Amino acid sequence: MTKRTDYCGQLSSDDIGRTVTVCGWVAKRREHGEYLAFVDLRDRTGIVQCVVDHAHDIRSEYVLAVTGTVRERPPETVNTDLPTGSIEIGEATVEILASAEPPPFQIDGRVEVDETIRIHHRYLDLRTGRMQQNLRSRAAISAAIRRSMEDQEFVEIETPMLIASTPEGARDFVVPSRLSPGNFYALPQSPQLFKQLCMVGGIDRYYQIARCMRDEDLRADRQFEFTQLDMEMSFADGEQVRAVVSEAVSNATEMITGQRPESIPEMSWLEAMNRYGSDKPDVRFDLELVELTEVFSGTDFNAFKASSIKGIKVEGGADMGRNQLDQLTDKAKSWGAKGLVWIKVGPSGEVTSPVAKFMSEAEISGLLSVMNAKEGDICYLVADDWRQVVHVLGLLRLELGRPPVNEGGLRFLWVVDFPLFEDVDDDGNPLPAHHPFTMPHADDLELLSNSSAPDDLLNVRSQAYDLVLNGWELGSGSVRIHRRDIQQQIFNLLGINEEESQEKFGFLMDAFRYGAPPHAGFAFGIDRLVALLVGEENIREVIAFPKSQSGADPLTNAPSSIDTAQLNELGLRVLPPAT
RNA sequence: GGUCCCGUGGUGAAGUCUGGAGUUCACGCCGGCCUGUCAAGCCGGAGGUCGCGGGUUCAAAUCCCGUCGGGACCGCCA
């Protein structure tokens, strides 16, 4: 085989006169009779035009080694759209290294291709400029992050993939044990416990670019398996952790955009929920939630006799038709709202609304003044308990105003002061908002010990924090509990008794007997960061071999059945499908 | 577990609401012509189980039911 001397996209006028050999795929053949044809050859660096005679049998996606002399193109034939457009490889001789059937879709990106077909033939899809760029950007981002962590003196440590299943968190992927039939490993949802053990082990600063698996339903921003930057540091508080992570994501951002983001602002969880109806607010646009409970405190309107009322005003949104409004209302109901009230403001301040007749003049004028609503505006109101109100309006806000992924810049945000507990389960046990190793806020430790009233518990703040970018949760972290007594107290509150905690987390509790340093950490999703930085709204576009929404891989046909011998070896029997 | 959208030559779309001959457009593919193209051009051609199954009808890509696949979202994701 002829040896490559140069890459297609790197040839320039500096190379004029050189005899070169380039290797790659035929992007395009333009034939002008038997003795003249232009063959565009593509490799990872780009495309260069080769001038070939007798090119009739050289077809799209053939793999060639082309040898010829780099020469300047005649001035009138320079192609300014192509980086190599001022030169060409002349008098080229072609060695066909592999022929190719016509691909099932065009590689040139001229027509959009159905994603299933792309993934089924991913090895062809990877040839497209889009995937080449996305995967190279991803590699650059990973490298920048790794470099940043190394510069900050973090130590990369690998943690096991086959671990014990723990009851908390997402559904585990599970691997049957051959040597211990009937027992199972779990694949890690995160290296959480191991990195805390590293802190007890005096590693001081740990990081890992770690694959994590969670058996939950897939979404545009969620795959079964995903990649995180996982980190943990000893003798550090949340502020220091956020500084380290800010540095890493800033470096990654600069690597792609050429611009370093400004320092990342912080917002409390409560403020985020009240203003944006989300713990991962997309702050690229306003449409903030407006507090209206007071305005309707004495209302006769039954639907508004609720503990919380908030609204959103869309400026100039009064041209919404009845049909659209009905659809919005249906959506709101599907999100759990009892209803959605809309009020349009007309030319002289009069309002149009199906429920206007149930509101007093004072309520209407109060509403308009608090929301600062003017002619042509529309207000959407939801009344319920606070959680439901902010939840529904948060989703409505995104529905009404969220810009496309490419617009509005990159708005990083730290959300801090999460509550320690999210809610209370049916048995009255509080449910952890983060994970059970999260340190409560120092000022709220008293609330924790003195009180068993669920309302008080829900007000306990934790030292947990999330990093948000354009409405996507990039990741979360916390200051950890490093004291056995507090950890046991939390387990008790969660309804995990000593016996159970010893069984599930005994190794961690044991480790804490021997001098655990205060420590804190974080983990963020690299797939999501890459997607947003390269302007993709789906992480499958930045994953080489992703799975479909139903968890299948159209390329390899996973998941697949296994044969009986394998099952027997593992001590497993497959039940008939439930009907 | 739920809601919504999509499935038509190799690819992408239109046709579906309002049933009437597999009809149309762009790209690709094959053959011919063509010595400066680069979204090459011109001429010709091939290529279809309208995802699948059932039903309604004289007649179904089109209407109804079911099912499969894909996607977006709610739930879920400590």
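In what follows, every chain begins at residue 1, and chains take the letters A, B, ... in the order their sequences are listed. Everything quoted here is computed from the prediction, not taken from an experiment.
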Given that both distances must come in under 3.5 Å, which nucleotide forms a Watson-Crick or G-U wobble pair with [N]?
N	result
G20(B)	C58(B)
G28(B)	none
G36(B)	none
U3(B)	A72(B)
U67(B)	G51(B)

For the base of U11(B) and the side-chain ring of F105(A), does the geometry meet a stacking cutoff of under 5.5 Å between centres and under 30° between planes?
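Given the distance and angle limits, no, they do not stack.
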H32(A) stacking on G36(B): centroids under 5.5 Å, ring planes under 30°?
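Given the distance and angle limits, no, they do not stack.
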Would you mind classifying the nucleic acid contact of [X] as base, sugar-phosphate or nothing, using non-hydrogen atoms under 4.0 angstrom?
X	answer
D330(A)	nothing
K28(A)	sugar-phosphate
A433(A)	sugar-phosphate
I117(A)	sugar-phosphate
Q192(A)	base
R540(A)	sugar-phosphate
S60(A)	sugar-phosphate
E61(A)	nothing
R71(A)	base
S190(A)	base
E112(A)	sugar-phosphate
H56(A)	sugar-phosphate
L82(A)	nothing
D114(A)	sugar-phosphate

Would you kindly check whether a donor in the side chain of [X] faces an acceptor in the base of [N], or vice versa, at under 3.5 angstrom?
X	N	value
R30(A)	U35(B)	no
E216(A)	G75(B)	no
R59(A)	C30(B)	no

Consider the side chain of [X], meaning its heavy atoms from C-beta on, and name the nucleotide among [options] that approaches it most closely.
X	options	result
Q49(A)	G28(B), G36(B), C74(B)	G36(B)
R222(A)	U37(B), G75(B), C74(B)	G75(B)
E31(A)	G12(B), C34(B), G28(B)	C34(B)

Indicate whether OP1 or OP2 belonging to [N] is found under 4.0 Å from a side-chain N or O atom of [X].
X	N	answer
N79(A)	G36(B)	no
H391(A)	G75(B)	yes
Q189(A)	C77(B)	no
S550(A)	G70(B)	yes

Y7(A) six-ring face occupied by R44(A) cation (under 6.0 Å, within 45°):
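Yes, a cation-pi geometry.
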Any carboxylate oxygen within less than 4.0 angstrom of a Lys/Arg side-chain nitrogen, looking at D326(A) and R322(A)?
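Result for this pair is yes, salt bridge flagged.
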Does the distance from a Lys or Arg side-chain N to an Asp or Glu carboxylate O, for D221(A) and R528(A), drop under 4.0 Å?
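So D221(A) pairs with R528(A) through a salt bridge.
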Parallel, tilted or perpendicular, judged at 30° and 60°: which one describes the rings of W414(A) and F522(A)?
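Taking F522(A) first and then W414(A), their aromatic rings stand perpendicular (interplane angle over 60°).
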Show the nearest heavy-atom pair for residues D172(A) and L187(A), with the distance to one decimal.
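Smallest heavy-atom distance, with atoms named: OD1-O, 4.1 Å.
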T84(A) and I47(A): which non-hydrogen atoms are nearest, and at how many Å?
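Answer, listing the atom of T84(A) first, then I47(A): OG1-O, 2.6 Å.
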Are R118(A) and M131(A) packed together at the side-chain level, in the sense that at least one heavy-atom pair is separated by less than 4.5 angstrom?
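Heavy-atom side-chain distance check passes, below 4.5 Å.
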